Amino acid sequence: MLFNSFQFAIFFITVFILYLLLKNRYRWQNILLLLASYTFYGAWDWRFVFLLVGTTVLDYVFGLKIHRAKGQVVRKLFLAFSVFCNLLVLGFFKYLNFFIGSFHQLMLMLGVNIPFHIINIILPIGLSFYTFQSMTYTIDIYRRQTEPTRNFLDYALFVSFFPVLIAGPIERARYLLPQIRAPRALSLSNFYDGCFLIFWGLFEKVAIADNLAKIVDPVFLARQPYYGADVLLATYAFAFQIFCDFDGYSNIARGLSKCMGFDIMANFNLPYFAKNPREFWQRWNISLSTWIRDYVYISMGGNRGSELTRYRNLMITMLLAGLWHGSSWTFVLWGAYWGFLIILNNLWGKVCLKAHFYADSLISKLGFAIRMVFFFQVICVGWLIFRAQSVSQLINMVQSVTGNFAISQSYSSILMDVLPVGLIMISVLLAIQIAQYVSNNLLVVLSLWWPARSLLFCMLLFLLILFGADYGKPFIYFQF
Amino acid sequence: MVNRLFISSFKIIKRLPKAAAGSLTLFIVINAIVLNLNCVWQLLYLYSNPASDDPIRMEAQLHLMPHEKEKYRVFLTGSSQTREDFDIGYINNQFSNCSAIYYNLGLSGNAQPIRMYMTTDSMLPMRPDIVIYMPFIGSLYSNYDYTSMPYNFEEKIIPLFFEYVKPDEIYMKGEYFLKSITGKYLPIYRYRDSIKTILMSYFGDTFHGTYRSKTEFHAYTNNLPDQYFEDEVRKAGGNKYTESPYTDFNKKCFKLFAHEIINSGARLVVIKGPTHPRLMECFSPSLDVAFDEFFDQQSIEQGFLYISQEEMPHFVPADFIDFTHLNDFGIRKMSKYLCDYMYHSNLISCDSGSR
């Protein structure tokens, strides 16, 4: 059940009406939401509901055991079991074939031919998100940052909460559980804000991302030869496609939650306005980047230790962040690319400090906009690595940009149809984002004078109806 | 009590988001204004592409028709066969002195009676004098194409779906119903694909300094090779058209379609669409017989004219582009036949010697 489908609209309206009817009875609301969440997940594939229940029960039990355990060693043991079980599930469904295939390739390179068999494993949708979300519970209990809940249904709802179940944001137990365990304030202003977020999220997904997909897919799904200009245009389009796709989903998730009185974290904060790698990761997929920082980087030692140790921790963290996205070497390369950039940025900062300059003083003279545009190119190189279907395709595409910079005839005819619409949509997006950046308020639109808002909403509605793709293209991050 | 209700309702209205209400109001007003501008419909009509934009072209033609009738109105309806097989310019030229004007309202697809029945609500208010419907074997003996539903949807079809279609199939196709209902009240949603391509064509032409002067009706121009027919006959295996769960549904809709047209005072003429001789190898000959029998019987029961293949000119393979669409030779033959038939059958009164 995609968020951008009629079935989901009917589903949510039904759930929301029942939710409103259960006003002042939050326990019953929780049961309703739990049933709705399992129905939502079961609509994708009913078999994986059991997996969801299994991981939920596991971490609920481990959470209680960690809390009740007397010694630190026992607490650590239970935590290790919890993390191990979650990663085992994730590893089996997501990475088993990848590791088998990679091991086989490595052996072949060493001249050893080991017969192997790829197991046909379906990746359960949302697995990467809800396992990470579930792990925040046991880890936060271990760190004494939160108390376990005695109510299994509350915990089950925390893991399976349907707005965030499939593609995040990855919520922390200490932020979402208290909201589940207490009555929610249902207010008209929350409802209106929620409706705006849903509307804007749908616009980003249906009108912008799905239209840009028509520019991106023909290049990345094609075989050789690649043309440099095709690759470049498709990469730029992908930068906006993936942002609008993921931000759109996150906004819809936030909007749905807000309508029901829940406050979900914003997952993006104008990432393409970043001027350096560290700032980018403070603005992009914030729930994942903070999860990786708090539960991987800091657990490995973080900034403590020598400089080499810190850079080692950074690189491992970013490699894992890349690997989280999928079982392909291009994702690992992408993680390594960002690890390298972050380390380089740190080193650059030190060089500037040592030369008695502030970190960006040399480049700051170039102007804010130029720095942003320059860094956007750096981001797009990362997207090329990310979107490539394989390392060999990546190499061929890079070679085409440097060696065969032309536009293919077939692609130019596609561009004639789609590019004007794509440019209009990106212009609308950038106009709104500039306003958000200047005002430092993601909901700046809601503070405009109401006639201006009416005009804006009307224009967005026309664009959404006229140009919105309605063939229900899945969200990109579903595959992760 | 009433006062309290009024005050609480007023308070609720006051708390409604002005921006949302304002934007919806603006949206409705702009829609209403734009959809009532003749220049907009003229643009949509002129730049519509045959096959992909047939529904919007049909609506544009109906919208642009003058309310005051100066001439006989003859509507040519049906599938892409209707659109392709008649030279509307030639036909109107033949009848220019006869106070008759022909409109080609052919729609891409099979133009099954299920769809045609839904078009009467938009067609009949324009008071046609004659409606010519050209079905072919596929109109009765193939499954319903749900993708065409949003373009001509009318709520009156819903009870018939529940009568003839299984509930699980209706559930599976539920999204089409939702899109159709949305499209019914939001023409901009219904025709958005066509509007996009038409606007792109228009701005493209404006950019190049060229302008279209007439609407294109013909999408198919190149005769397909003999090998195509050979391959298609083999692929069909005698089952290209069969009795389907929608056959009875289509027959019922045709009866209702015919009844509404005749009741409105218009004359109905049903012409069996000419098809390539080799199409007969793709399905059971009994279907062809059943097709003729059905329309023959209906013509007697309802009181309309049915022109079967025997009464029409003999079409040979050289007249066809593919199985169902005529090429230039075939179009000339068909158009001339129609003109002669209409003239000699006195369906349209002309001054003697005016053709």
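A quick note: this is a predicted structure, and the numbers were derived from the prediction, not measured. Chain A is the first sequence line, chain B the second, and so forth, proteins listed ahead of strands; every chain is numbered from 1.
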Check: Does CD belonging to A/Gln409 count more than 12 external heavy atoms closer than 6.0 Å?
Finding: no
Check: Which residues, numbered in order, of residues 26-34 of chain B come under 4.5 angstrom of chain A by heavy-atom distance?
Finding: B/Leu26, B/Phe27, B/Ile30, B/Asn31
Notebook entry, point to check: What is the distance from atom CG of B/Asp193 to atom CZ of A/Phe467, rounded to the nearest 0.5 Å?
Noted result: 11.0 Å
Item checked: Approximate separation, where rounding is to 0.5 Å, of A/Leu455 CG and B/Ser23 OG -> 9.5 Å
Notebook entry, point to check: Which answer fits B/Ile195, side chain, backbone, both or neither, if we ask what part of it has an atom under 4.5 Å from a heavy atom of chain A?
Noted result: side chain
Check: chain B heavy atoms under 4.5 Å from A/Phe199: which part of the residue, side chain, backbone, both or neither?
Finding: neither
Check: So what's closer than 4.5 Å to chain B heavy atoms on A/Leu460: side chain, backbone, both or neither?
Finding: neither
Notebook entry, point to check: Between the main-chain N or O of B/Ala19 and the side-chain N or O of A/Ser454, is there a donor-acceptor pair closer than 3.5 Å?
Noted result: yes
Margin query: Testing the basics here: between B/Met200 and A/Met416, what is the closest heavy-atom pair and its distance to 0.1 Å?
Written below: CE-O, 3.4 Å
Checklist line | Enclosure of B/Lys252 NZ (heavy-atom neighbours >12, cutoff 6.0 Å) | finding: no
Next item on the list: Kindly compute the distance separating CZ (B/Arg192) from CZ (A/Phe462), expressed to the nearest 0.5 Å.
Entry: 14.5 Å
Check: Would one find more than 12 heavy atoms of other residues, nucleotides or ligands at under 6.0 Å from atom NZ of B/Lys156?
Finding: yes
Check: Side chain, backbone, both or neither: which part of A/Met459 has a non-hydrogen atom closer than 4.5 Å to chain B?
Finding: neither
Notebook entry, point to check: chain A heavy atoms under 4.5 Å from B/Thr182: which part of the residue, side chain, backbone, both or neither?
Noted result: side chain
Notebook entry, point to check: Quick check: are there more than 12 heavy atoms from other residues, nucleotides or ligands sitting under 6.0 Å from CG of B/Asp168?
Noted result: yes
Next item on the list: Determine whether more than 12 heavy atoms belonging to other residues, nucleotides or ligands lie under 6.0 Å from atom OH of A/Tyr227.
Entry: no
Check: Do other residues, nucleotides or ligands put more than 12 heavy atoms under 6.0 Å from B/Tyr151 OH?
Finding: no
Next item on the list: Answer yes or no: are there more than 12 heavy-atom neighbours, outside B/Tyr202 itself, under 6.0 Å from its atom OH?
Entry: no
